[in-house]
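Small disclaimer: the values here were computed from a predicted structure and weren't measured. Naming convention: chains lettered A, B, ... in sequence-line order (proteins, then strands); numbering from 1 in each chain.
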Number of protein chains: 2
Amino acid sequence: MTEPRITIIDVARAASVHPSTVSRVLNRRAELSLLPETRQRVITAARRLGYRPSALARSLRLQRTFTLGMLVPNIDNPFFPPIIKGVEDTAHARGYNLVLCNTEDSSEREDAYLRVLRERQVDGILIASSFMADATIAELRRDRFPFVLVNRGTRGSDDLAVLVDNEKGVAAALDHLVDLGHRRIGIVAGPQTTMTGRQRLTAARVTLRARAVKLDPALVSVAEAFSQEAGYRAARRLLVGVEPPTAVFGANDLLAIGVLRAAREAGLECPADLSLVGFNDMPLTEFFGPPLTTVHVPQREMGVRAADLLIAQIEGKPAATRRVTMDVHLVVRGSTAALSRSQQKTA
Amino acid sequence: MTEPRITIIDVARAASVHPSTVSRVLNRRAELSLLPETRQRVITAARRLGYRPSALARSLRLQRTFTLGMLVPNIDNPFFPPIIKGVEDTAHARGYNLVLCNTEDSSEREDAYLRVLRERQVDGILIASSFMADATIAELRRDRFPFVLVNRGTRGSDDLAVLVDNEKGVAAALDHLVDLGHRRIGIVAGPQTTMTGRQRLTAARVTLRARAVKLDPALVSVAEAFSQEAGYRAARRLLVGVEPPTAVFGANDLLAIGVLRAAREAGLECPADLSLVGFNDMPLTEFFGPPLTTVHVPQREMGVRAADLLIAQIEGKPAATRRVTMDVHLVVRGSTAALSRSQQKTA
DNA sequence: GGAGTATAGGCAATCGATTGTTTTCGGCTG
DNA sequence: CAGCCGAAAACAATCGATTGCCTATACTCC
C-alpha cells in the first residue's frame, strides 16, 4: 500500500468530531450517549473515505488479537485438513481468526513458530504437532498461556486436550485381523518420539496379548515419520523376512499406504496375500486400491471441540471438561480379508 | 497471559539504559555506535527477563507486518497443501509468516477474509481462490495492494500470476484418450464461474476439434464445484445416457475420482469399461484404484514461484516477469486403456 | 587552554485505536 | 441570576517499539 492509510483521525476530521467519538460510534459503545445525528455523520464519513480500522493498533491497545495459532505437523497429511476446517469454522463463528503453522515434523520449526505466535500475541494456541518437547509445553503451562493439545497427550498433566481413543481403535483394528484368522500380524508403528506413536504400539501389544497372539519382534517396524514414504521403508524391512506377516496394522493411514506400496513391489496382492488396516480414516481412503479398512476418527469434530475448549479458556469461561476423548470405530473396507489357504501355506 | 508483559522498557531499566538503546542493540543497528559492554548488558538483561518483542507494536510502528496472507478455496483438496508448503517455505526463508485462509468456495468468505487480511495489514496476498469477483480484485489493483494470483487468471490484466498451462495439459489428456482409440469422450467440467473451469472446457473443445472428434453436448457435464461429490453428481448425469462415453476427462483429480465412484456404482470397471483422466496429479493419486492417469502440475513449485513473485513485489524489486506459466505433462497410470471390442459394441 | 569533533546514548515523536476523565454548553431551578 | 445538572463530545494517556535528532562527555589539536 503506497496510499497513505485512512485513520480514525481522518474520519474524525471529515465528520468534525474528535477521534474518540469516531471510535465510540464505530464500536457501538452504549456507555456514552451520542447524538444520532453525530453518529450518522461519522458513519457516513467513514464509509465515504473507505475507512478500514487497523487491527494492529486495536490489538496493541486491547492486548487482544482475536487470533488463534495452530501448529500442525504436516498439512500434506489429509488427516489434518478436516481438523483444521473444524477449528477454523468454530473460531470464525466466535470472532477469531486462525494462523496456521506447518511444522514439517521438525522440532526447530515447532519452536520457531511457537515463538512467532507468541510474539504476535495470538490469544491461544492449538497444538496438533507431536514432536514438541515437553519442556516447551511446560513453558506455556508456566506462563499460563492458553493452549489445547489436539490428537496428542502429555504425560500425566491435566492440560486441555482433545484426544483419540487409541486403545479402543487399535483394539478394534487388531481384533478384526485376528477374527479374520490372522496370527502373523505385522505392525508398522509411528515414530516412538511421539505420544501417538507410542500409545498405538503399546495398545497393539496389549491387544494381541489379550487375544493370545504372539507378536514376533521381527514383525514390528518403526517408521521414522507418519508419512507414506516412511511407511514404505518400514514395511520393506517387514516384508523381506523369512516368515512375512499375513496382515499388517499401520499406525496411521499414510503408513498403511506405504505398506501397500511395499507389498505391491514385493508382488503381494492386498488383501489376497496381505491384509492391511490403517488408522484415522482420512478423506479419500475409500478410493484407494483397495479401499482401506481403517479406524475412523471424527476429524472435523475434533477441530471443533478443540477450538471450543481453547476459546472457553481464553474467555475465562468455566471449562466443563479439560479433556475430550473422541470415540472411534473400525470401518471395514476392501483391504482386509480372511486368512486364506495359500497364506497359511506360506506362513 | 495473565502475567504482565515484559517490554523493552523493563529491559532498559534492568540494563540501566534508555529503551531506544535496547531497541538498537536488539536490532543490531549499525548506524549508531554502541559500547560492546553496553550491548552485552542489554542482551543479558533481555535474556534474563525473558523478553519477547511485541510484533504488534513493531508492525504498527514500521507499517510492515512481515506477514503474507493466502486465500485457498479448499484445504481439503490435496492439490493445495503442496502449494501452500511451497509458499510457506519460501516465505519463511525470506522472513515472512503466512496466514492461511480457507474460503470454502464461498465468495462471502472470500470477501470477509480479504477484509480481515487487509485490516491486519498483511504485506501481500496470494489468491488461489477462484470464485473471487473481479470487482474485488480490481479494488486490490486500484489500491496498489501487492497480490499474486495462483492457479487462476484474470481477464486480460497484467496482474502478477502463476498459472498452469491448461491448454497444453488438456490437450495432452485428450490426445491420449483419442490415441487410445476413444471417440465418445465425456467431459466433467469444473464450475464455469471459475477461470480454470472455463479454460479447461474450452481447451477440451479445441483439442477434440483439432483431432476431428465430435463432442456430443450430452457428454459434457458441468460440476458445481471442484470436489469429489460434485464430480460424482456430474458423472451420474453423464453415464446414464443411452450412449455413454467410453472415456471421461475430469477437469481436476477430485472430479475424476467422483467419476470413478459413479462408474463403479453403474457397474463399470475402470479402465476396462471406462477410461479416465484427471488433472493436477495431486498427492496419492498413484494409490487410487486404479492409479489415476492425470496431468501433472508442479504444485510445490507453483507455491514457491508465487511467493517469490509476491515478495519481490512487496520489497520493490524489479519483477523479472509478471506472469509465470508452469509447464505440465501427462502421467499415464492405470485408469486409461485402449478402446476395447466390448466397448465398441456398447457404443 | 579553548575550540573542534567524534562517540555513546538519551529524548521525544510516532504508528492507530481505545477509554477513563474532563470540559463545554444549554437548560433548568431556586 | 447564580448555581447546578446532565448530555454530548473533547482531552489525553496508553499499548510497545522505532528512529531522527540532540546532548553530554571525552579527547584531539593548535
- Message: Measuring only between side-chain heavy atoms, which start at C-beta, is S54(A) closer than 4.5 Å to Q121(B)?
- Response: yes
- Item | Atom pair distance, as rounded to whole Å: CD in E37(A) and P in dA9(D) | 8 Å
- Nearest-neighbour nucleotide for the V17(B) side chain, dG16(D), dG10(C), dG16(C) considered: dG10(C)
- Query: Within the distance-only criterion (no hydrogens, no angle test), does the side chain of S59(B) pair as donor or acceptor with the backbone N or O of R64(B) below 3.5 angstrom?
  - Reply: yes
- Query: Is the backbone N or O of I75(B) less than 3.5 Å from a side-chain atom of N102(B), with the two atoms forming a donor-acceptor pair by type?
  - Reply: yes
- Query: Under 4.0 Å between a Lys/Arg side-chain N and an Asp/Glu carboxylate O for D158(A) and R323(A)?
  - Reply: no
- Message: Any carboxylate oxygen within less than 4.0 angstrom of a Lys/Arg side-chain nitrogen, looking at D308(A) and R305(A)?
- Response: no
- Item | Validation row: F226(B), N74(B) side chains within 4.5 angstrom (heavy atoms) | no
- Query: For the pair made of CG in D10(B) and P in dC15(D), what is the distance, rounded to whole Å?
  - Reply: 11 Å
- Message: Just N and O in the side chain of R58(B): are any of them under 4.0 Å from OP1 or OP2 of dT18(D)?
- Response: yes
- Task: Report yes if a side-chain nitrogen or oxygen of S54(A) is closer than 4.0 Å to either non-bridging phosphate oxygen (OP1 or OP2) of dG16(C); otherwise report no.
- Result: no
- Query: Between dG16(C) and Q63(B), is there an OP1 or OP2 to side-chain N/O distance shorter than 4.0 Å?
  - Reply: yes
- Item | Side-chain donor/acceptor of R5(B) to backbone N/O of R52(B), under 3.5 Å | yes
- Query: How close or far is atom C1' of dG10(C) from atom CZ of R13(B), stated in whole angstroms?
  - Reply: 16 Å
For nucleotides 11-13 of chain D, print each protein N/O atom paired with a nucleotide N/O atom at under 3.5 Å, atom names and distance only.
| from | atom 1 | to | atom 2 | distance (Å) |
| --- | --- | --- | --- | --- |
| dC11(D) | N4 | S20(A) | OG | 3.0 |
| dC11(D) | N4 | R24(A) | NH2 | 3.4 |

- Task: Could you tell me whether the phosphate oxygens of dT18(C), OP1 or OP2, come under 4.0 Å of any side-chain nitrogen or oxygen in N27(A)?
- Result: yes
- Would you kindly say whether T67(A) and N97(A) are connected by a side-chain donor-acceptor distance under 3.5 Å? no
- dA17(C) P sits how many Å from Q121(B) CD, rounded? 8 Å
- Query: For the side chain of L35(A), counting heavy atoms from C-beta on, which of dG9(C), dA17(D), dA9(D) is nearest?
  - Reply: dA9(D)
- Side chains of R24(B) and R39(B): does their closest heavy-atom pair fall under 4.5 Å? no
- Message: Please confirm whether the shortest side-chain N or O distance from S23(A) to OP1 or OP2 of dT18(C) is below 4.0 Å.
- Response: yes
- Message: In whole Å, I'd like the distance from the CZ atom of R39(A) to the C1' atom of dA8(D).
- Response: 12 Å
- Does OP1 or OP2 of dG9(C) have a side-chain N or O of T38(B) closer than 4.0 Å? yes
- Item | Overall bend - the helix from dG1(C)-dC30(D) to dG30(C)-dC1(D), comparing terminal axes fitted on five pairs, nearest 10 degrees | 80°
- Item | I8(B) CD1 - dC15(D) P separation (whole Å) | 14 Å
